[in-house]
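The structure appears right after this line, and notes come after that.
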Amino acid sequence: MNQLPLKVSTTALRGTAAMLRASHSILQVQTRENSANGATATATRNCPHLELTPVATATSHFHGSAEWQNALPYQHIPGPKPMPILGNTWRLMPIIGQYTISDVAKISSLLHERYGRIVRFSGLIGRPDLLFIYDADEIEKCYRNEGPTPFRPSMPSLVKYKSVVRKDFFGELGGVVGVHGEPWREFRSRVQKPVLQLSTIRRYLQPLELITDDFLARCEQLLDDNEELPLDFDNEIHKWSLECIGRVALDTRLGCLDSNLSEDSEPQQIINAAKYALRNVATLELKAPYWRYFPTPLWTRYVNNMNFFVGVCMKYIKSATARLKTQDASQRAGEPSLLEKVIISEKDEKIATIMALDLILVGIDTISMAVCSILYQLATRPAEQQKIHEELKRLLPDANTPLSIPLLNQMHQLKAFIKEVFRMYSTVIGNGRTLQEDSVICGYQVPKGVQAVFPTIVTGNMEEYVTDAATFRPERWLKAHHGGTTDKLHPFASLPYGYGARMCLGRRFADLEMQILLAKLLRNYKLEYNHQPLDYAVTFMYAPDGPLRFKMQRI
């Protein structure tokens, strides 16, 4: 919920990743455009810092230092050549542009293949340069030296909504998404402890298990005569995800799993609004940004969607506050809910509302698309699915045994499978940082203000960092005494939740929700996919592109 995947957390590379609407033909054109820089590109492919200096760090440098002096100038970093006036923005324009959002993951790989371990994508009108870094050692240095308030590139549309359109509501409390520096650190410090406490996570195991039971019962009702789920099954997964997040963030059951939800029902409106708000962010930020100057139809609908979210959150949080006021201490037995902890500690409904809004916005689509990807990989890998089933049978000999944290912790095959899906098919295709200091990265002088992009969808599949990277092998994530291997696996090659201070705040809830669903599903059902293979594409997340017509049989 990734950088919830609450961001796969999240949140990573949203506007940044989407900026690269690319195509193979354009990159072929660049072969000719960059012929003059061929020597530089070749040097980059070998990562110049290996030749120029023993260690290249991503920290601030005095320009008189030996490391800075030995580094190549920033302008020498290879990449697509910008045109006069239009820069590289023309590549994103209608008709003449050749980039599509769905190809972002593929283009990220093509950029690496064409230009090497560091690629400069400059000339984007109204935006700083994007610097793609495909060196896991350099990525690690960037993360480890980023300081206490990292600056993560995020959605300008959300920033404008929070800081301008609804400044009356948010004020100085922007939340953790689209906020940076001291305001971000202060808000996160106020909600981080209750969100990440293990006692809070444990409290939601049983409620989320109940929601998952309801979801699986609904799945059985949706099966056709061939025991297949409907063409719009991804919408059902969104309903399950929203019901889970609503239970965590708003302390209520939203009713998303009720039969025959009408289009004007509140749960379906929330689902539709979430999809619209997230999946049109790329359109708002890739096209000419007229919305920054006057309210375009797309911007107006975006604002209306966000206002709807705020209203829903306030409605349920006011209800929770009223409930707390009528309870005495004896009625609050047991672990308080996440919402109760925030309301009690902060005594401010607005903080609880903004926290809930961020969790919902980042979590619904991220977790849903991650689950779609994991289920597709399970359905097309029967041998791996069987391994997990056998593990679950051993841990849960009675299929009706309630889940517990100790039981989930022993589901090594299941968790390894999830990690391997994230490595090869990372739902969040990358993370990013806006550099706050001049840096030497991969042997080049990089000025502050550049947006560094860490494409985990590429680095997680590079042989330099992962042994036998092209092969799907969950056991690589298992320790040796669990039947795993000692293969090479660079810890910074695959980071679905990000790293450091801006790691996905809702990652523990995301893991819990996914593990509960997979444990309940694979203990009791067999999943098959008997249709043409699906390609992966990017909408807001990276996931299978097409109907998930799974066959679901009770076993």
Side-chain angles (χ1 to χ4, degrees), residues 1-4 6-19 58-60 124 126-131 133 139 141-167 169-193 195-196 277-278 281-282 284-285 289 292 306 350-351 353-363 366 428 430-439 441 446-454 495 497-507:
M1 297 192 223
N2 28 167
Q3 306 104 256
L4 288 153
L6 289 183
K7 170 127 284 227
V8 208
S9 37
T10 120
T11 46
L13 207 66
R14 295 187 176 112
T16 305
M19 287 301 298
T59 57
S60 63
L124 299 170
R127 294 186 64 92
D129 289 357
L130 301 181
L131 189 67
I133 303 171
I139 292 170
K141 292 166 188 172
C142 287
Y143 274 128
R144 292 193 183 282
N145 292 282
E146 62 186 5
T149 56
F151 193 108
R152 184 172 64 199
S154 58
M155 302 171 277
S157 50
L158 182 59
V159 172
K160 181 177 179 179
Y161 176 79
K162 287 184 172 182
S163 62
V164 178
V165 178
R166 293 304 310 272
K167 186 175 178 62
F169 178 80
F170 290 92
E172 300 302 317
L173 300 171
V176 294
V177 180
V179 182
H180 307 285
E182 196 58 30
W184 164 83
R185 189 200 63 77
E186 181 187 353
F187 189 92
R188 180 164 176 133
S189 68
R190 297 171 78 168
V191 301
Q192 177 171 280
K193 183 177 179 180
V195 171
L196 295 178
L278 293 173
V281 163
L284 284 170
E285 295 170 15
R292 296 188 182 188
M306 293 301 298
K350 191 174 290 187
I351 290 178
T353 300
I354 296 170
M355 178 197 70
L357 179 67
D358 282 354
L359 288 176
I360 292 172
L361 275 179
V362 177
T366 315
V428 177
N431 302 300
R433 292 289 188 269
T434 297
L435 299 181
Q436 299 181 74
E437 297 177 331
D438 293 343
S439 308
I441 300 177
V446 181
K448 66 180 180 180
V450 169
Q451 289 189 359
V453 180
F454 312 137
L495 292 170
Y497 294 129
Y499 179 85
R502 294 209 72 140
M503 184 184 292
C504 172
L505 185 61
R507 62 192 181 276

For the student: nearest non-hydrogen atoms of [X] and [Y], plus distance:
X	Y	value
V176	R502	O-NH2, 2.9 Å
A452	L435	CB-CD2, 4.2 Å
L505	V195	O-CG1, 3.3 Å
V177	K162	O-NZ, 2.9 Å
A501	P148	CB-O, 4.0 Å
G449	T434	O-CG2, 3.8 Å

How many angstroms lie between [atom1] in [X] and [atom2] in [Y], if you round to the nearest 0.5 Å?
X	Y	atom1	atom2	result
D438	K448	CG	NZ	6.5 Å
M306	F169	CE	CZ	10.5 Å
I441	L131	CD1	CG	6.0 Å
T353	L173	OG1	CG	10.5 Å

Taking the side chain as every heavy atom from C-beta outward, state whether [X] and [Y] have any pair of such atoms under 4.5 Å apart.
X	Y	result
F187	I351	yes
L357	F170	yes
M503	L196	no
L495	Y143	yes
R152	W184	no

Keeping the roles fixed (side chain from T149, backbone from G147), state whether a donor-acceptor pair exists under 3.5 Å.
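Checked: no pair found.
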query = Which residues pass the salt bridge (charged side-chain N to carboxylate O under 4.0 Å, His left out) test with K167, sequence neighbours left out?
reply =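 K167 satisfies salt bridge (charged side-chain N to carboxylate O under 4.0 Å, His left out) with E172 once adjacent residues are dropped.
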My understanding is that only one of Q436, R433, K141 makes a side-chain hydrogen bond (donor to acceptor under 3.5 Å, both in side chains) with E146; could you say which?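 Exactly one candidate clears the test, R433.
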Counting only heavy atoms from other residues, nucleotides and ligands, does the tally under 6.0 Å from NZ of K350 exceed 12?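 Atom NZ in K350 is crowded, with more than 12 foreign heavy atoms closer than 6.0 Å.
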